[in-house]
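For the numbers below, each heavy atom of this structure counts, side chains included, while hydrogens, waters and symmetry mates do not.
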Amino acid sequence: MVSTDTGYKGVEIHGDKIRISFMYEGVRCREVLPELTRLTQASYRLAAKRRDEILARIEFGTFRYGDYFPQSPKAGIKQIGRRETFQSWSEQWLEQLPGIETSTRRAYKSAVAFWNNHIATRPLTDILPMHINSALASEDGPKSAKTKNNYLSVLRIVLESARKNRLITENQANDIDMLPYQAPEPKPLSKGEMDKVLAHMAANYDEQAWAYFAFAFATGIRPSELIALSWGDIDFVNRTATVERALVAAKTKATKTNQVRSVRLNDVALEALVRQKKHTFMGGGRIFHNPATGRPWSNEKHQRTKYWAPALKAVGLAARDAYQTRHTYATILLSSGVHPSFIQKQLGHSTLVTTLKRYARFLPEALEAEMEKANLVFAPQMPQTRTGT
């Protein structure tokens, strides 16, 4: 008798074919793998891998008989022994996330935790749009439209991964519309207000605090990029700063647009660097340090609470976040008639449309300045008054 043993569990020779066996829904299943036409060790290994894959899908709850053996009489068997709950799947999804930024992972975890408070034990196949809407409208639900949209976006990603793994046939979250949301308008300082804030800092704070905010106002560099800036990024000869990284949650990452840009430095920015030199230049590392610790800033929170907010209050300005240094830079240049394309490149916006859209309400003032230029260009040359001879 010809041996049917292949040396691999659940893999046997069946005539001139290779057959695998496995248990599914209490039934012993034996199926031939027609694509393996040669009785070789390589084919036996492939058959064993296919069997292991099937067993894993059965355990995971994602095996569909007809997907693997569409011609089999058993193709109609459906798995009823296990239905994945949202909590079980979402936790697996979080564990298998690829390398992402710390802040993004934290946001995902927060959103998943919210959904698990409402639909943790519900099988993925039983989640309905009404359950999603009910969670969003619950007493402990997110209050702002932005947060609701963020939570809904994460739910869509989780359910989409479940769909791709054949746990569900459709993504139920796609039936929920995003809420209308408008990003907060910039609240920049005027040139006079900026000067007052910097004057207060110069008179009352450590020089390093003044240098930090003077450079921020004079370049429009994002706070997360500013605290990651090193002396090696500065070219004093060509008056530029190379911005290629940011620091978020004490982790170095790429810039927001994943682009390296060269920022032109004006006289105020250079003056801030010159005054900062005596504090950190010899170390050769990051430019701006916390005066209280003598170490580089790990985030932008302390300088905001220690210096920025008190300075605004001291000079009688309404509270706002320190990101407004960036908006102040952009709007002062825009209202002074500086070409928007220059501002776009300085800020690192991907397109000019982004710049114009972000600062749309400041355009009329800028356009008025441009009109004045146009008037000068097209002003008629008045004939000189002829004097008597």
### Query
What distance separates S262 OG from Q346 CD, expressed to the nearest 0.5 Å?
8.0 Å
### Message
Nearest 0.5 Å, please: how far is CG in L333 from CG in N266?
### Response
8.0 Å
### Query
Are E160 and R163 ion-paired here, with the side-chain N under 4.0 Å from a carboxylate O?
yes
### Query
Are there more than 12 heavy atoms of other residues, nucleotides or ligands under 6.0 Å from atom NZ of K143?
yes
### Query
Counting heavy atoms not belonging to H302, are there more than 12 under 6.0 Å from its NE2?
yes
### Task
Among residues two or more places apart or on two chains, list those pairs meeting salt bridge (charged side-chain N to carboxylate O under 4.0 Å, His left out) that have a residue in residues 115-138.
R83-D126
### Task
Report yes or no: does E84 contribute a side-chain atom to a donor-acceptor pair with the main-chain N or O of I168 at less than 3.5 Å?
no
### Residue pairs fulfilling salt bridge (charged side-chain N to carboxylate O under 4.0 Å, His left out) with at least one residue in residues 40-56, sequence neighbours excluded
E35-R50
### Query
Just by modelled atom types, is the V11 backbone N or O under 3.5 Å from a matching donor or acceptor in the T6 side chain?
yes
### Message
Between D321 and R326, is the salt bridge (Lys or Arg N to Asp or Glu O under 4.0 Å) condition met? List the steps.
### Response
CA-CA 11 Å; D321 59 75; R326 178 173 170 83; over 6 Å; no
### Task
Look at the side chain of R156 and the backbone N and O of I176, then say whether any donor-acceptor pair between them is shorter than 3.5 Å.
yes
### Message
Check whether R320 reaches the backbone of A318 with its side chain - one donor and one acceptor, N or O, closer than 3.5 Å.
### Response
yes
### Message
Checking one residue: V237. Which other hydrophobic residues are in its cluster under the side-chain 4.5 Å linking rule?
### Response
none
### Query
Do R239 and D267 touch side chain to side chain, with heavy atoms closer than 4.5 Å?
yes
### Task
Determine yes or no for a side-chain-to-main-chain donor-acceptor pair under 3.5 angstrom, with T328 supplying the side chain and Q324 the backbone.
yes
### Task
Identify which one of Q208, H289, E271, E207 satisfies the side chain to side chain donor-acceptor pair (under 3.5 Å) criterion when paired with Q276.
Q208
### Task
Could you label the plane-to-plane angle of the F114 and H118 rings as parallel, tilted or perpendicular, counting under 30° as parallel and over 60° as perpendicular?
tilted
### Query
Is the distance between the ring centroids of F288 and H279 under 6.0 Å?
no
### Task
Check whether any side-chain heavy atom of I287 lies under 4.5 Å from a side-chain heavy atom of F215, and answer yes or no.
no
### Pairwise distance OH(Y359) to CG(L347) - rounded to 0.5 angstrom
5.5 Å
### Query
How long is the gap from NZ on K345 to OG1 on T355, to the nearest 0.5 Å?
11.0 Å
### Task
Check whether the ring centres of F213 and Y307 lie less than 6.0 Å apart, and answer yes or no.
no
### Message
Can you give me the closest heavy-atom contact between R28 and S21, atom names plus distance?
### Response
NH1-OG, 3.8 Å
